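Values in this document were obtained by computation on a predicted structure and should not be read as measured data.
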There are 2 protein chains.
Amino acid sequence: MENPTPVPPPHAAKDVTEHVGYRLKRASAALRNAMDRALREHGLTVPQYSCLELLDEQPGLSNADLARGTFVTRQSANVVLRGLKDAGLITRPATAAQGRALPVHLTSAGRERLHLARRAVYSIEVRMIGGVPADRLPALLSDLDAMTEALDG
Amino acid sequence: MENPTPVPPPHAAKDVTEHVGYRLKRASAALRNAMDRALREHGLTVPQYSCLELLDEQPGLSNADLARGTFVTRQSANVVLRGLKDAGLITRPATAAQGRALPVHLTSAGRERLHLARRAVYSIEVRMIGGVPADRLPALLSDLDAMTEALDG
DNA sequence: ACCGGCATGTCAAAATGCTGACATGGAGAA
DNA sequence: TTCTCCATGTCAGCATTTTGACATGCCGGT
């Protein structure tokens, strides 16, 4: 009487490695690893790079914005920002002109560092995408998006 | 003269959220979050659950095997195993009969806990997969696999 | 037999991330 | 206005994970 009802598997799968979650995690880990190694040569961590990329695109984002954008907590993002500020790659006002949000901006050194690191990161993305047929890329993006929405919504 | 040569983007993309890496990370984060919440009710962390799942399928795996299987370092896996052992969910010999690898096995309590937690996790996977067209699932699995291989190989 | 390479388990230290909690500022309802 | 709700920034404590290092046991070629 330990387990009378076997759990119905999400879909036909011989073992764990056939599960979407496993593949997703594995791909994500591989990407994280590759980015870690590449960014280390530029003196950046993955969260730091992610913040720089977001800030280059949307200057003035707040700490909370960056936390959401990089999928970590506000507290973690705060630590990252402190590191970037100490490195002179971003600026952050000590007081808020209005509200509590403190808008973060890239310094020219930050922009420069980002542009250098971006080369390395993009080449990784190119290598990663190289494995999948080009005509399936839109579907892949869409499916990843759908999965996220299905979980978050 | 700051950046004479713009970096060629990996593929046509208006912003960062169009990049495969971003989508991948986002989906992975959403899954991780959902699993964290679900497994907490069962007193398990994601790495712990992952180890139990692997051990149920392949009894006798070593710490290093589990580290590779869960995409963490041997040291991290060791901490996880210690937790599982303290909880009485696994057994681990103190000495190796041959070689250095110590084969890990599930206890009946471990199997029971796994079967309970599996329901919650599978329902998450079902929900996640629910967002993508069923006929695209094989391609999705294949593409995730291809990306991993392109990065690791 | 010997030795070099390699995988494993483990220790120590540091970095990283999260949970819980609290104070502040703003928007909207009563 | 006043009050309630929500988002933000931040502090403290804890958990998790990684890097770096070292000792042990096997397996290959020499």
(message) Go nucleotide by nucleotide along DNA chain C from the 5' end; which of A/Ala97 and A/Val72 gets its closest nucleotide reached first?
(response)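 That would be A/Val72.
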(message) Do B/His19 and A/Tyr122 have side chains that approach each other closer than 4.5 Å (heavy atoms only, starting at C-beta)?
(response)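 The answer is yes; the side chains approach within 4.5 Å.
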(message) Within the 4.5 Å heavy-atom criterion, are A/Glu125 and A/Leu31 side-chain neighbours or not?
(response)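 Not touching, per the 4.5 Å side-chain cut-off.
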Nucleotide [N], atom [atom2] - distance to [atom1] of [X] in whole Å:
X	N	atom1	atom2	answer
B/Leu66	D/dT17	CG	P	14 Å
B/Gln98	D/dC26	CD	P	6 Å
B/Gln75	D/dT19	CD	P	9 Å
A/Asn78	D/dT8	CG	C1'	11 Å
B/Asn63	D/dG25	CG	P	17 Å
B/Met35	D/dT16	CE	C1'	16 Å
A/Arg74	D/dA12	CZ	P	17 Å
B/Leu81	D/dA15	CG	P	18 Å

(request) Salt-bridge test for A/Asp56 and A/Arg111: reply yes if a basic N is under 4.0 Å from a carboxylate O, no otherwise. (result)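 No, this pair does not count.
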(message) Between A/Asp36 and A/Arg32, does any side-chain N to carboxylate O distance fall below 4.0 Å?
(response)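 Salt bridge flag = yes for A/Arg32 with A/Asp36.
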(message) With a 6.0 Å cut-off (strictly less than), is the heavy-atom count around CD of B/Glu18, excluding the residue itself, greater than 12?
(response)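 Buried by this count: over 12 neighbours within 6.0 Å.
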(request) Could you tell me from which nucleotide to which nucleotide of DNA chain C, 5' to 3', there is an atom under 4.0 Å from chain B heavy atoms? (result)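 In short, chain B contacts DNA chain C from C/dT8 to C/dT19.
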(message) Pick the closest DNA chain D nucleotide for A/Arg40 and for A/Ser62 by heavy atoms, then say which residue is nearer the 5' end.
(response)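 On the 5' side of the pair lies A/Ser62.
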(request) State whether a side-chain donor-acceptor pair under 3.5 Å links A/Ser62 with A/Asp65. (result)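 On atom types as modelled, these side chains qualify, holding a pair under 3.5 Å.
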(request) Compare side-chain N and O positions of B/Ser76 against OP1 and OP2 of D/dT16 and report whether any pair is under 4.0 Å apart. (result)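 For D/dT16, neither OP1 nor OP2 has a side-chain N or O of B/Ser76 closer than 4.0 Å.
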(request) Examine D/dT19: is either OP1 or OP2 under 4.0 Å from a nitrogen or oxygen in the side chain of A/Arg37? Give yes or no. (result)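 Answer no for this pair, as no side-chain N or O of A/Arg37 is under 4.0 Å from OP1 or OP2.
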(message) Under a 3.5 Å distance rule, please check whether B/Glu112 uses its side chain to pair with a backbone N or O of B/Ala109 as donor and acceptor.
(response)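 The answer is no, because no donor-acceptor pair under 3.5 Å joins these two groups.
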